[in-house]
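First comes the structure, then the notes that go with it.
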Amino acid sequence: MSWPRVIILIDADAFFASIEQRDNPEYRGKPVIVGARPGTRGVVATCSYEARKFGVRSAMPISQAYRLCPHGIYVGHNMAKYQKVSARMFDVCHKFTPLVEKVSIDEGYLDITPLPGKETARSIRREIRESLGITVTAGVSYCRYLAKIAAEESKPDGLGVIGPEDADAFLQDLSVSKLPGVGPKTADSLTREGITTVGHLRTMPPAWFQARFGKTGVRMQQLSMGIDNTPVSPAQRAKSISEEVTFNEDQDEQEFLLAVLARLSQDVGHRLRTAGLRCRTAGIKVRYSDFSTLTREKSLPVPFASDAEIFQCAKELFQALPGSSRPVRLLGVGVKSLEPSQTVQPMLLAEEEKPWQDVSRVMDSLRIKYGKKMISLGAAIRKKR
């Protein structure tokens, strides 16, 4: 069964505490409470799952947290550090789709239609874990609120999926308190009426919803039926896509630098096609050992999106730079002048190279399923260093 939409909710696990455990190995496996210090009037910002076993929760007064867990590790929050990790986490999400709605520092929705939900969520979780050293839980569904519930039910470090074919059975015994808009008071009121599950709630007639919830009654009834058309709304549309790498040591070997350009072109191309976009301009960024930086761009009359075409532009621009033997500190590839893809896309490469478009699509499928290291352009693996 095809899904009308494929929505993923990404939710970092105990975000602040996980970052502190990542950066301080001696904290791992121990109750970590991030927020105010004991003896102050502040509250808990977040805490590790080890601390939650003692009853500690976010927004709890720090004095109460200390009574529950006096042997815990209490850490003041470092928002600058957490915001940097958050930005990098959402950068990973943007590699898979431009439709990313950040709802908090550690949580966001993605609309990845028509990509496969479970496989894509697995790839996102894997890349965040490998690149940032933290875990995230993902919920996958055909609508926002069920993706959210699927994630909540799979915490921590889990992956939950609720498809259209599963929704009725899943909602049947779900507590009404899990529905958006049903707070503790409303849930208590419904319980007094004998309505404790969503399955019972959706048996009520439309007139009852109108009388009980007023203007929001129609939405409440739709939610009880597993209907939610709320879109994923990014703050702004991406204007460009780029990837870059800073070398641990300056590099001057041309074969190696071209291999890096090929790998970066492949990463940019994957993000471009996954977002359902193509570009008219490709460019490079080169920073030398003396920190001087050059950027070059090339615009073409026909929009393109394959790895080979992006690499062809990047290679030509790089080889045309003056002083090609200078040691390079940073290398980057980017595309801009983005537009939605068309079903039929002309190719800029020679006639005999047109199969590269199909190759790129196959590569995308393999990367989503097995990870970005699964397959590469030949130019990207000419030489390893």
Side-chain angles (χ1 to χ4, degrees), residues 3 6-23 25 28 48-49 82 84-141 147-148 150-163 232 241-245 263-276 307 360-377 380-381 384:
W3 293 17
V6 185
I7 308 297
I8 298 177
L9 186 279
I10 292 293
D11 189 358
D13 301 314
F15 189 50
F16 299 170
S18 293
I19 295 172
E20 296 299 338
Q21 289 179 318
R22 179 198 69 179
D23 295 345
R28 295 171 190 171
S48 68
Y49 284 93
Y82 306 150
K84 288 181 181 179
V85 178
S86 173
R88 291 181 62 192
M89 182 178 77
F90 283 103
D91 282 345
V92 172
C93 294
H94 276 103
K95 291 182 179 182
F96 293 82
T97 175
L99 299 178
V100 178
E101 181 180 341
K102 181 178 178 180
V103 295
S104 67
I105 192 171
D106 61 350
E107 183 180 4
Y109 289 97
L110 293 72
D111 187 333
I112 63 163
T113 312
L115 295 177
K118 188 173 183 179
E119 291 83 353
T120 304
R122 185 182 291 121
S123 294
I124 293 171
R125 294 179 65 238
R126 179 175 58 241
E127 184 164 347
I128 290 174
R129 182 177 61 251
E130 292 177 353
S131 63
L132 301 181
I134 62 172
T135 63
V136 298
T137 293
V140 183
S141 190
K148 171 75 170 177
E152 290 175 347
E153 297 290 310
S154 303
K155 281 278 189 177
D157 193 20
L159 171 57
V161 180
I162 303 174
V232 173
I241 295 174
S242 63
E243 294 278 349
E244 62 182 41
V245 60
R263 178 173 60 80
L264 294 172
S265 298
Q266 179 176 289
D267 291 344
V268 169
H270 175 70
R271 291 177 58 186
L272 189 67
R273 294 185 298 276
T274 300
D307 300 342
S360 294
R361 282 194 289 266
V362 173
M363 291 169 69
D364 289 340
S365 299
L366 291 172
R367 284 158 65 93
I368 288 171
K369 188 171 184 179
Y370 298 109
K372 64 188 294 184
K373 298 180 181 179
M374 174 61 189
I375 188 167
S376 298
L377 287 171
I381 55 177
K384 295 182 179 180

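Hydrogens, waters and symmetry mates play no part in the numbers below; they use all other heavy atoms, side chains included.
Residue Ala12 comes nearest to Met89 through the heavy atom pair CB-SD, 4.1 Å, listed as atom of the first residue, atom of the second, then distance. In terms of heavy-atom proximity, Gln21 sits nearest to Ser48 at NE2-CB, 3.8 Å. Closest non-hydrogen pair, Leu159 versus Ala121, comes out as CD1-CB, 3.7 Å. Across Ala150 and Gly139, no two heavy atoms sit closer than the pair CB-CA, 3.9 Å. The shortest non-hydrogen separation linking Cys93 to Ile10 is SG-CG1, 4.3 Å.
In this structure, His94 and Ile241 have side chains that are not in contact, with every pair of non-hydrogen atoms separated by 4.5 Å or more. A 4.5 Å side-chain heavy-atom check between Tyr49 and Lys155 finds at least one atom pair inside the cut-off. When side chains are defined from C-beta on, Arg263 counts as touching Asp267, because their heavy atoms get closer than 4.5 Å. Contact of the Ile162 side chain with the Glu153 side chain is not registered, since no non-hydrogen atoms from C-beta on lie closer than 4.5 Å. Within the 4.5 Å cutoff, no side-chain heavy atoms of Val232 are placed close to those of Leu110.
Residues satisfying the salt bridge (charged side-chain N to carboxylate O under 4.0 Å, His left out) test with Asp91, not counting sequence neighbours, are none. Qualifying side chain to side chain contact (heavy atoms under 4.5 Å, CB included) partners for Glu244, counting only residues two or more places apart in sequence or in other chains: Lys285, Leu330. For Thr135, the side-chain hydrogen bond (donor to acceptor under 3.5 Å, both in side chains) test picks out Asp13, with sequence neighbours left out. Qualifying salt bridge (charged side-chain N to carboxylate O under 4.0 Å, His left out) partners for Asp111, counting only residues two or more places apart in sequence or in other chains: none. Remark: Phe16 pairs with Tyr82 by the ring pair (Phe, Tyr, Trp, His ring centres under 6.0 Å) rule, at least two apart or across chains. In terms of the salt bridge (charged side-chain N to carboxylate O under 4.0 Å, His left out) criterion, Lys84 has no residue partners (sequence neighbours excluded).
Rounding to the nearest 0.5 angstrom, the gap separating the CD1 atom in Ile124 from the CZ atom in Phe96 is 5.0 Å. With values rounded to the nearest 0.5 angstrom, Arg28 atom CZ is found 11.0 Å from Ser18 atom OG. A distance of 15.0 Å separates NZ of Lys95 from CZ of Phe90, quoted to the nearest 0.5 Å. For the atom pair CD (Glu152) and CG (Leu9), the distance works out to 8.0 Å, reported to the nearest 0.5 Å. Remark: Ile8 CD1 to Lys148 NZ distance equals 15.0 Å, nearest 0.5 Å. Separating the CD1 atom in Ile7 from the CD1 atom in Ile112 is a distance of 8.5 Å, to the nearest 0.5 Å.
Within the 3.5 Å criterion, the main-chain N or O of Val6 finds a donor-acceptor partner in the side chain of Thr113. Thr137 places a side-chain N or O within 3.5 Å of a backbone atom of Asp157 that can act as its donor or acceptor partner.
Counting non-hydrogen atoms of other residues, nucleotides and ligands closer than 6.0 Å to NZ of Lys102 gives a total above 12.
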